[in-house]
Amino acid sequence: MPVSILIVDNDELTRDILFRIVGFSLPDAVIHVTAKFELACEICVKFKVNIVVTTTSIPPTSSDLMIDAVHKIGPDPIKIIIMTGESQQIKLDKIISIPNTYIVQKPINVEELLSLIKDKIAELNELERH
């Protein structure tokens with residue numbers, strides 16, 4: 001089954017660029033995009049999303065609420081990759097202490113982001129085999 005990836009960002013240009021880069025780099029993946037928190041949750045349920053790539057602030061909510069809402073969806077853990085410009089180590093440590101949640105620092109290094117997504121896909125494939 002192909003991996004389902006959701007990109008959530010309130011910046012249209014960022015969403016478009018990430019959609020193109022991730023889609024081109026992972027042609028077997030199903031890619032969804034949205035700018036809205038509520039729609040992101042609906043997409044996660046409807047399309048059985050495996051990986052969410054998002055930013056730290058998706059109005060009208062925060063990454064904490066987004067992470068909590070996404071992790072409550074479905075029996076399988078959804079991997080969440082947070083793109084952030086946060087520099088306070090305490091806040092970064094809090095995010096990465098949440099299971100199945102990962103950070104990519106802004107400005108985004110595309111190779112780093114793609115590598116992390118591929119690592120999470122490999123983990124999902126490994127879980128599926130067992």
Connected via hydrophobic side-chain network under 4.5 Å: I7 and L39: no
What distance do I78 atom CD1 and I5 atom CD1 have between them, rounded to the nearest 0.5 Å? 12.5 Å
On a heavy-atom basis, the closest approach of A40 and L6 is O-CD2, 3.5 Å
May I ask you to check whether over 12 heavy atoms, not counting those of L127, lie within 6.0 Å of atom CG? yes
For Q105, is there any backbone N or O sitting under 3.5 Å from a side-chain donor or acceptor partner on E86? no
About how many Å separate CD1 of I51 and NZ of K79, when rounded to the nearest 0.5 Å? 8.0 Å
I need the minimum non-hydrogen distance between K48 and S4, along with the two atoms involved. O-CB, 3.8 Å
Tell me whether V8 shares a hydrophobic cluster with I98, the cluster being built from Ile, Leu, Val, Met, Phe, Trp, Tyr side chains joined at under 4.5 Å. yes
More than 12 heavy atoms from other groups under 6.0 Å of CD on E12: no
Taken to the nearest 0.5 Å, the spacing of K94 NZ from K91 NZ works out to 9.0 Å
Looking only at heavy atoms, the pair that brings G23 and I31 closest together is CA-CG1, 4.1 Å
Tell me, with the steps shown, if D28 and V3 meet side-chain contact (heavy atoms from CB on, under 4.5 Å). CA-CA 7 Å; D28 294 334; V3 68; over 6 Å; no
Does the pair T55 and I82 meet the rule for a side-chain contact (heavy atoms from CB on, under 4.5 Å), with working shown? CA-CA 5 Å; T55 187; I82 304 287; over 6 Å; no
One should read off an interatomic distance between T54 OG1 and N10 CG, to the nearest 0.5 angstrom, of 8.5 Å
When you measure from the side chain of T101 to the backbone N and O of I80, does any donor-acceptor pair fall under 3.5 Å? no
Determine whether I121 and I103 fall in the same hydrophobic cluster, where Ile, Leu, Val, Met, Phe, Trp and Tyr are linked whenever their side-chain heavy atoms lie under 4.5 Å apart. no
Determine whether I67 and I90 fall in the same hydrophobic cluster, where Ile, Leu, Val, Met, Phe, Trp and Tyr are linked whenever their side-chain heavy atoms lie under 4.5 Å apart. no
Please answer whether the main-chain N or O of V33 pairs with a side-chain N or O of R15 as donor and acceptor at a distance below 3.5 Å. no
Could you tell me which non-hydrogen atom of I43 sits nearest to which non-hydrogen atom of V49, and how far apart they are? O-CG2, 3.7 Å
Please report the interatomic distance CZ(F37) to CG(L65), rounded to the nearest 0.5 Å. 6.5 Å
Between S25 and L114, the two heavy atoms sitting closest are OG-CD1, 3.3 Å
Just how far is it from atom OG1 of T14 to atom CZ of F19, taken to the nearest 0.5 Å? 15.0 Å
Considering all heavy atoms, the nearest V52-C44 contact: CG2-SG, 3.8 Å
Evaluate side-chain contact (heavy atoms from CB on, under 4.5 Å) for T84 paired with L92, printing each intermediate quantity in order. CA-CA 9 Å; T84 183; L92 294 171; 3.9 Å; yes
Find out if a path of hydrophobic residues (ILVMFWY) with successive side-chain heavy-atom gaps under 4.5 Å connects L26 to V30. no
